[in-house]
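Because the structure is predicted, anything quoted here is derived from the model rather than measured. Convention: sequence-line order gives letters A, B, ...; per-chain numbering from 1.
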There are 2 protein chains.
Amino acid sequence: MSKHTTLSLDAMGGDSAPDMVVEGVALAFEKLPQVDFLLFGDERQLAPLLDKYKQLKPVCQIRHTEDVVSNDEKAGVALRSGRHSSMRLAINAVNDGEAAGIVSAGNTGALMAMAKFVLKTLPGISRPAIAKNFPTLNGECMILDLGANVICDADNLVQFAVMGEVFARTNFGVEKPSIGILNVGREELKGHESVQQAFNILQNIDLPIHFHGFVEGDDIAKGTVDVVVTDGFTGNIALKSAEGTAKMIGAFLKEALLSTTRSKLGAILAKPALDALKKRFDPRLHNGAMFLGLNGICVKSHGGTDGLGFANALEVAVELVSGDLIGVIKEEMTDLDYGMDKEAVTQD
Amino acid sequence: MSKHTTLSLDAMGGDSAPDMVVEGVALAFEKLPQVDFLLFGDERQLAPLLDKYKQLKPVCQIRHTEDVVSNDEKAGVALRSGRHSSMRLAINAVNDGEAAGIVSAGNTGALMAMAKFVLKTLPGISRPAIAKNFPTLNGECMILDLGANVICDADNLVQFAVMGEVFARTNFGVEKPSIGILNVGREELKGHESVQQAFNILQNIDLPIHFHGFVEGDDIAKGTVDVVVTDGFTGNIALKSAEGTAKMIGAFLKEALLSTTRSKLGAILAKPALDALKKRFDPRLHNGAMFLGLNGICVKSHGGTDGLGFANALEVAVELVSGDLIGVIKEEMTDLDYGMDKEAVTQD
């Protein structure tokens with residue numbers, strides 16, 4: 001990254017905010033020396049935290065506000081009554097051109113509602129999607145949607161495919177990412193109407209994308225494709241079911257290694273290798289979900305993360321800014337014409 | 001199990017059939033001395049295989065047929081033209097009262113179509129579901145539907161809940177199994193219409209069942225509930241995504257343990273503990289999916305399994321027979337009345 005970038009941060013969002021936000025900035029600073037940060041939140045809390053990191057002084061600015069969107073606030077309520085919240089002001093900064101992207105570890109529903117309201121969706125995109133990377137046998141893939149849209153029609157899925165393709169190019173550096181639609185079988189006739197229609201559209205689409213076809217649940221971890229497209233209901237459940245399984249196996253592995261004196265000794269010897277494996281699955285190093293389809297970069301950090309995780313979300317945002325994600329999606333959507341309704345539809 | 005039971009087997013179904021079927025019978029025989037087996041298939045292949053296991057002579061009968069349903073045959077075609085297939089004749093044996101249940105490792109779609117056609121659905125059940133056990137942090141849970149019904153309405157989900165509850169009681173021996181509906185959040189307002197309506201019905205249902213509410217994808221492996229209810233699209237993808245993740249972690253663990261001389265030494269010491277862990281996740285020991293909602297016990301073995309896996313599927317069938325699964329589901333469905341349409345609907 002060569003250009004100078006400014007990120008706006010919801011410094012009060014997240015279970016351990018604002019401490020972990022400032023910690024995250026301090027950790028990211030090493031890797032992102034060309035980035036400035038606007039920290040929206042309570043100055044009385046933020047100023048003493050920033051004082052601990054003298055090196056951040058030239059790159060951080062506090063924008064004071066006392067309003068915070070709480071975790072249990074409904075999206076609609078937050079949208080109406082949170083106009084002066086740290087989350088909303090941080091989003092506004094992107095719309096005003098002060099910042100190139102916003103990162104928040106706060107309430108997901110409120111962040112999506114506010115970001116949609118302030119930044120608007122891109123031309124040709126009816127619904128933004130939540131996208132995230134997932135480790136696979138041969139690297140990483142990205143899955144979308146992870147829960148922004150519980151029901152999706154074929155047009156939504158096709159738009160997710162196009163946006164996901166651009167994201168994978170920008171984020172993974174894959175020249176021609178492959179795209180798969182998640183389904184209950186690989187054969188053309190499997191699944192419901194939306195996936196079948198999306199399959200037909202993507203097979204005949206007038207864009208130079210690499211459409212692989214249908215993929216199944218186990219293809220996610222296999223790394224069969226770079227981009228896995230699905231509705232928000234299925235995507236959310238597939239991802240959480242995979243995460244739950246990974247945690248369970250981790251717990252069982254620990255239990256097995258502590259079960260006998262002999263296995264304990266083995267575990268001590270294998271510790272460096274096992275630690276490296278653990279790091280590979282460290283959710284903090286995969287932190288940072290992207291809201292794709294908005295006219296602005298918006299990255300959602302996990303609410304329960306720490307400074308290391310938040311720093312990773314900051315890096316994701318900077319990568320998307322430098323790759324000009326929004327510009328490329330806009331271009332692709334202009335080229336995309338298969339007769340679908342391009343009017344922006346807002347349904348909640 | 002004290003009573004005498006007869007199972008009918010599609011001896012030609014499965015990638016390694018008929019060898020693995022006979023091997024499975026031989027392995028199950030030790031644990032199931034009171035069970036007789038009707039083996040439907042090619043006598044010229046089956047007779048020499050059975051000759052290898054003299055102890056099976058008194059409990060096995062070959063029923064000759066040359067017709068076999070292939071793996072890539074469409075369900076509708078198999079239904080029309082497979083009337084003399086090993087699969088169909090084995091199902092007929094249950095309908096004729098010759099056998100208490102049928103086990104097949106053949107074509108899933110064909111097996112469901114034939115079993116539905118021959119055995120019919122139980123009163124009050126509009127759609128049968130595929131159900132399977134899954135290991136959890138505190139034991140096992142069962143998930144349904146795993147792919148028989150791509151789209152499910154609230155009534156389908158409620159019926160799955162009732163059937164799953166009976167299955168869990170019979171199969172796990174849990175006195176009052178808890179039931180959860182898979183969703184994208186635990187709050188009442190999350191998800192789409194079908195899960196919300198099913199939630200309302202189950203909360204007010206006039207049956208002594210323990211309805212936990214909504215659960216998320218990670219609750220499957222956590223073991224939050226005994227029965228996880230979902231539509232066949234989501235269930236299939238959630239299960240396969242979990243299985244894919246488990247395989248990926250297994251591969252990474254192996255790679256990590258072989259990465260250095262020190263870790264290799266550790267792996268040798270930890271081998272007995274790691275082998276025990278591997279066994280816990282051995283898919284063969286979890287083999288045997290149940291078609292719930294039919295007027296007869298029908299168990300589907302994984303097509304790629306071996307004798308050990310098939311033996312496990314046989315045990316599942318026998319458990320369901322001894323627990324009188326069908327009788328108990330019938331009883332519960334008679335007690336169940338919340339104004340839903342009880343007419344059997346067949347949609348393919």
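Heavy atoms only, all atoms of each residue included: A:V184 and B:G232 are closest at CG1-O, 4.0 Å. Pairing each heavy atom of B:I249 with each of A:F281, the nearest pair is CG1-CZ, 3.8 Å. Smallest separation of non-hydrogen atoms from B:A251 and A:L137: CB-CD2, 3.8 Å. Smallest separation of non-hydrogen atoms from B:L277 and A:A256: CB-CB, 4.2 Å.
Interface check for chain A: of the options B:A221, B:G185, B:A270, B:G191, the most heavy-atom pairs under 4.5 Å are formed by B:A221. Taking A:A246, A:G147, A:G235 one by one and counting their heavy-atom pairs under 4.5 Å with chain B, the maximum is reached by A:A246. With respect to chain A, the highest number of heavy-atom pairs below 4.5 Å among B:P135, B:G244, B:A242, B:A267 belongs to B:A242. Per-residue heavy-atom pair counts under 4.5 Å with chain B were compared for A:P272, A:G223, A:G250, and the maximum is reached by A:P272.
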Report the C-alpha separation of B:I237 and A:I237 in whole Å, then their side-chain angles, then the decisive distance to 0.1 Å, and conclude whether the side-chain contact (heavy atoms from CB on, under 4.5 Å) test is met. CA-CA 9 Å; B:I237 289 170; A:I237 289 171; over 6 Å; no
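Of the atoms belonging to B:L253, heavy atoms from both backbone and side chain fall under 4.5 Å from chain A. Residue B:I151 touches chain A through its side chain alone, counting heavy-atom pairs closer than 4.5 Å. Residue B:L182 touches chain A through both its backbone and its side chain, counting heavy-atom pairs closer than 4.5 Å. Heavy atoms closer than 4.5 Å to chain B are found in both the backbone and the side chain of A:L265. Contact annotation for A:I220: only side-chain heavy atoms (C-beta onward) come within less than 4.5 Å of a heavy atom of chain B. Proximity to chain A (any heavy atom under 4.5 Å) is shown, for B:A238, by both the backbone and the side chain.
For the pair B:L274/A:L257, a side-chain contact is recorded, criterion being any heavy-atom separation below 4.5 Å from C-beta on.
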Pairs of donor and acceptor atoms under 3.5 Å between chain B and chain A, please, with atom names and distances.
| from | atom 1 | to | atom 2 | distance (Å) |
| --- | --- | --- | --- | --- |
| B:E216 | OE1 | A:K240 | NZ | 2.3 |
| B:D218 | N | A:K240 | O | 3.4 |
| B:A238 | O | A:S241 | OG | 2.9 |
| B:K240 | O | A:D218 | N | 3.4 |
| B:K240 | NZ | A:E216 | OE1 | 2.3 |
| B:S241 | OG | A:A238 | O | 2.9 |
| B:E255 | OE2 | A:R280 | NH1 | 3.4 |
| B:R262 | NE | A:L269 | O | 2.8 |
| B:R262 | NH2 | A:I268 | O | 2.9 |
| B:I268 | O | A:R262 | NH2 | 2.9 |
| B:L269 | O | A:R262 | NE | 2.8 |
| B:R280 | NH1 | A:E255 | OE2 | 3.4 |

